[in-house]
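What follows is a set of notes on a single structure, which appears directly below.
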Amino acid sequence: MYNGRTITYNDDHVSLSATDKRVTAEYVTSVNDEGTPFEDYWTDEWEKAEATLHKRDGTCYLHVAVKKDVDPSCDEESENGVVL
């Protein structure tokens, strides 16, 4: 698990804090980002937050949470007044 103190996001790579040094990893995305979450959420509109690193079948995946402030819709009501 990484937070703002242990991860640095850059345009083409990420820097992660490891036990004895920082590790740099380039982003690997599809050739055509059109219509992908990377195109939709990897913009200046969204703030990159915490991340988790997962290893599956010998490949590492970085799952990044993104967030932004939005105005709640007036015509939709939530049960307790909070929108996630």
Side-chain angles (χ1 to χ4, degrees):
M1 185 91 179
Y2 294 92
N3 61 28
R5 295 181 303 116
T6 57
I7 190 167
T8 304
Y9 298 102
N10 298 287
D11 290 339
D12 61 346
H13 69 279
V14 64
S15 175
L16 305 167
S17 182
T19 54
D20 60 344
K21 62 181 179 177
R22 290 192 72 83
V23 177
T24 300
E26 291 183 25
Y27 303 129
V28 177
T29 62
S30 60
V31 174
N32 182 2
D33 290 338
E34 188 175 326
T36 66
F38 195 83
E39 177 194 37
D40 294 337
Y41 300 110
W42 210 255
T43 66
D44 291 336
E45 286 183 45
W46 293 86
E47 177 186 348
K48 293 154 192 75
E50 68 274 352
T52 55
L53 187 62
H54 301 271
K55 188 173 183 179
R56 185 176 58 214
D57 299 328
T59 302
C60 292
Y61 299 89
L62 186 67
H63 295 247
V64 179
V66 294
K67 61 184 179 178
K68 76 174 179 176
D69 292 328
V70 296
D71 293 326
S73 176
C74 295
D75 47 345
E76 291 184 30
E77 291 187 28
S78 63
E79 185 176 317
N80 61 0
V82 176
V83 177
L84 296 176

Nonpolar side-chain network containing Y2, other nodes, edges under 4.5 Å: I7, Y9, V14, L16, Y27, F38, Y41, W42, W46, L53, L62, V64, V66
Any donor-acceptor pair under 3.5 Å from N10 side chain to D12 backbone: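 Not a single qualifying donor-acceptor pair exists.
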Donor + acceptor pair across side chains of T8, R22 (<3.5 Å):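 Distance-only check passes for T8 and R22.
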side-chain contact (heavy atoms from CB on, under 4.5 Å) involving E47 - partner list, sequence neighbours excluded: K67
Residue pair H13 / T24: nearest heavy atoms and the distance that separates them: CD2-CG2, 3.2 Å
T52/H54 under side-chain hydrogen bond (donor to acceptor under 3.5 Å, both in side chains): CA gap, chis, key distance, verdict: CA-CA 6 Å; T52 55; H54 301 271; 2.8 Å; yes
NZ-CG distance between K68 and D44, expressed to the nearest 0.5 angstrom: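 Going from NZ on K68 over to CG on D44, the span is 12.0 Å.
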